[in-house]
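See structure below.
As the structure lists them, so they are numbered: ligands from 1, and atoms in each ligand from 1.
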Amino acid sequence: MELEISQFFELASIDTIGRTALGEEFNSQNKENHDFRNSYARLAEIFAYRLSNPWFLSSSLFSLSSKKHEQRNSQHLMHEYVNDLIQKKKVELNEKDKSTINGCRDEGCSYQKPKYLIEILLANEHQVTHKEMKDELITIISAGHETTAKENSLIIFMLAHHQDVQQNVYQETNSIFSDGDFNRSPTYEDLQKMEYLERVIKETMRLYPAIPFVHRQVQNEMMIGKYLIPADTIITIPIYCLHLNPKYYKDPDQFNPDNFLPDVCRSRHPFAYIPFSGGTRNCIGMKYAMLQMKTAISTLVRSYRFSPSKKCPTPKDLKLSCTIALEFSNGCYVKIEPRS
Ligand code: HEM
């Protein structure tokens, strides 16, 4: 069967972030309407439209455009969605017993289960305003779902186009899940053992960083190499180009997970690889993302074999564009067969 996989990963990633960060079953994979997802996608498109028509970066000019109205509607839907979620969780928590937030949720259990982000925020309601709580949740749901969904699609795509690498990933999972318990969910310890898969994930993020560009405003005048950068300049850091620099990567266009062997990593400049950005405002979800991607990919590879689709016979046929994150211009197609 040939499938456009990115749409499935997007819904699965929203469900995952819902369950792990919010303790909420979004159940997006079984729904027709996706208010949060659709509003988010529309806002990203409008943002990209403003970047490519820079006169609309001026708020007063943009407020005259029809897209301003659309932006307001999408923002409203997104905010309503999260408001409803906060209200629902408040009721649920009051019904249970707020005291269990700081301890165990199950009767008789002797260990402390991790708390969901929304529970932590609600337990600190006197310190966090409703708006702060809403903004925090929107940021986590948005930043946490799209990036991992894009990367998961790209990892499967690369495995489909590199059968030898896919076979190695399969063998590694085989060595972790013995015959009797092949279908169980991976534990945290299992995920730590997936060293080869980790290299595959990192190499995919090198060639296709989900966030290809980040921006910074320079506070004080400074020199970068021989260039003087005046204060207040906004500079773009092209992660995508940096990862293809032949100064740091031999054959930079080739997909080669060995670029992430420990010795090779040690010999490279630490900032030659920054899919999660760097410095004080880097990604706060990078550890979570790695666990999520390892869980998703190892689970899929255990049961399915992936190969190139006729719609996208070589990696060069994959057409990408960019809003805030990488976008698939014509989808991300692969062929999927069950292993048994
Ligand atoms: C493969 C997956 C991911 C990639 C490639 C990625 C990439 C990035 C990048 C490049 C930035 C920095 C943006 C900048 O410097 O302007 C960032 C920031 C951020 N990411 Fe991620 N991210 C991923 C997954 C996640 C996940 C799963 C979460 C949450 C659960 C998350 C939450 C955030 C947040 C909240 C920020 C803003 C941090 C701040 O401004 O202080 N990300 N991410």
Side-chain angles (χ1 to χ4, degrees), residues 5-6 9-24 26 36-37 40 44 47-48 51 78 82 85 114-121 128 132-158 191 194 197-219 233-243 260 270-298 320 322-328 332:
I5 52 174
S6 69
F9 275 122
E10 294 220 344
L11 300 179
S13 282
I14 289 210
D15 285 351
T16 310
I17 200 89
R19 192 183 286 182
T20 52
L22 314 170
E24 178 68 12
F26 284 158
F36 190 93
R37 170 66 211 148
Y40 177 81
F47 177 69
L51 285 184
M78 205 178 214
V82 175
L85 183 68
K115 292 167 221 157
Y116 295 117
L117 173 70
I118 197 163
E119 292 179 342
I120 298 170
L121 292 170
V128 187
E132 284 167 345
M133 197 180 297
K134 195 173 63 181
D135 289 348
E136 204 63 33
L137 293 172
I138 289 178
T139 306
I140 291 293
I141 305 173
S142 309
H145 90 271
E146 182 173 27
T147 45
T148 47
K150 289 278 152 53
E151 294 297 2
N152 278 329
S153 310
L154 286 158
I155 298 159
I156 291 292
F157 180 82
M158 292 316 264
L191 298 174
M194 297 180 187
L197 177 56
E198 184 160 324
R199 284 178 7 228
V200 171
I201 293 173
K202 287 181 172 168
E203 176 66 349
T204 307
M205 289 198 292
R206 180 183 72 82
L207 287 171
Y208 303 109
I211 309 285
F213 305 97
V214 291
H215 313 276
R216 291 289 182 271
Q217 187 158 21
V218 175
Q219 281 183 339
T233 308
I234 294 176
I235 56 172
T236 294
I237 300 149
I239 300 179
Y240 186 80
C241 307
L242 177 67
H243 288 180
F260 291 93
F271 288 134
Y273 181 70
I274 48 164
F276 294 106
S277 186
T280 46
R281 296 304 294 265
N282 72 344
C283 177
I284 59 163
M286 57 199 241
K287 286 200 173 140
Y288 172 98
M290 188 52 86
L291 296 175
Q292 199 262 36
M293 292 186 288
K294 280 183 171 176
T295 306
I297 302 297
S298 65
L320 296 166
C322 177
T323 51
I324 299 170
L326 275 187
E327 303 290 341
F328 301 111
C332 181

Item to check | CA sep, side-chain torsions, deciding dist, call: M290, M286, side chain to side chain contact (heavy atoms under 4.5 Å, CB included) | outcome: CA-CA 6 Å; M290 188 52 86; M286 57 199 241; over 6 Å; no
Next on the checklist: Tell me which one of I237, N282, I274 satisfies side chain to side chain contact (heavy atoms under 4.5 Å, CB included) with V214.
Outcome noted: I237
Checklist entry - Numbering the atoms of ligand 1 from 1, which are under 4.0 Å from a heavy atom of P275? => result 5 (C), 7 (C), 10 (C)
Checklist entry - Between S13 and Q292, is any side-chain donor less than 3.5 angstrom from a side-chain acceptor? => result yes
Next on the checklist: Tell me the protein heavy atom at minimum distance from atom 14 (C) of ligand 1, and give that distance in Å.
Outcome noted: V214 CG1, 3.4 Å
Checklist entry - Among F328, F9, Y208, whose side chain to side chain contact (heavy atoms under 4.5 Å, CB included) with K150 holds? => result F328
Checklist entry - Centres of the F260 and Y273 rings: under 6.0 Å? => result yes
Checklist entry - Step by step, would you call K202 with E198 a salt bridge (charged side-chain N to carboxylate O under 4.0 Å, His left out)? => result CA-CA 6 Å; K202 287 181 172 168; E198 184 160 324; 3.2 Å; yes
Checklist entry - Does the protein put any heavy atom within less than 4.0 Å of atom 37 (C) of ligand 1? => result no
Item to check | Short side-chain to backbone donor-acceptor contact, H145 and I14, under 3.5 Å | outcome: no
Item to check | With I118, the side chain to side chain contact (heavy atoms under 4.5 Å, CB included) member among L137, I140, V82 | outcome: L137
Next on the checklist: T204 vs E151, test: side chain to side chain contact (heavy atoms under 4.5 Å, CB included). Steps then yes/no.
Outcome noted: CA-CA 7 Å; T204 307; E151 294 297 2; 4.2 Å; yes
Checklist entry - With backbone taken as N, CA, C and O and side chain as the heavy atoms from C-beta onward, which portion of Q292 lies under 4.0 Å from ligand 1: side chain, backbone, both, or neither? => result neither
Checklist entry - Near I17, which atoms of ligand 1 are under 4.0 Å from a heavy atom of that residue? => result 30 (C)
Checklist entry - At under 4.0 Å between heavy atoms, which part of I274 makes contact with ligand 1: side chain, backbone, both or neither? => result neither
Checklist entry - Any idea which atoms of ligand 1 are less than 4.0 Å away from a heavy-atom of T139? => result 35 (C)
Checklist entry - Which atoms from ligand 1 have a heavy atom of M293 less than 4.0 Å away? => result 1 (C)
Checklist entry - Does OH belonging to Y240 count more than 12 external heavy atoms closer than 6.0 Å? => result no
Checklist entry - Is atom CD of Q217 surrounded by more than 12 heavy atoms (other residues, nucleotides or ligands) closer than 6.0 Å? => result yes
Checklist outcome for this item: heavy-atom search around atom 41 (O) of ligand 1 in the protein gives R281 NE, 2.7 Å
Item to check | Nitrogen or oxygen atoms of Y288 and ligand 1 under 3.5 Å apart | outcome: no
Checklist outcome for this item: A student checking ligand 1 against N282 at a 4.0 Å heavy-atom cut-off should list atoms 38 (C)
Checklist entry - Given R216, E151, H145, H215, which one has a non-hydrogen atom that is nearest to atom 16 (O) of ligand 1? => result R216
Checklist entry - Heavy-atom count around R216 CZ within 6.0 Å, excluding the residue itself: above 12? => result yes
Item to check | Total protein N/O/S atoms whose distance from atom 21 (Fe) of ligand 1 is less than 2.8 Å | outcome: 1
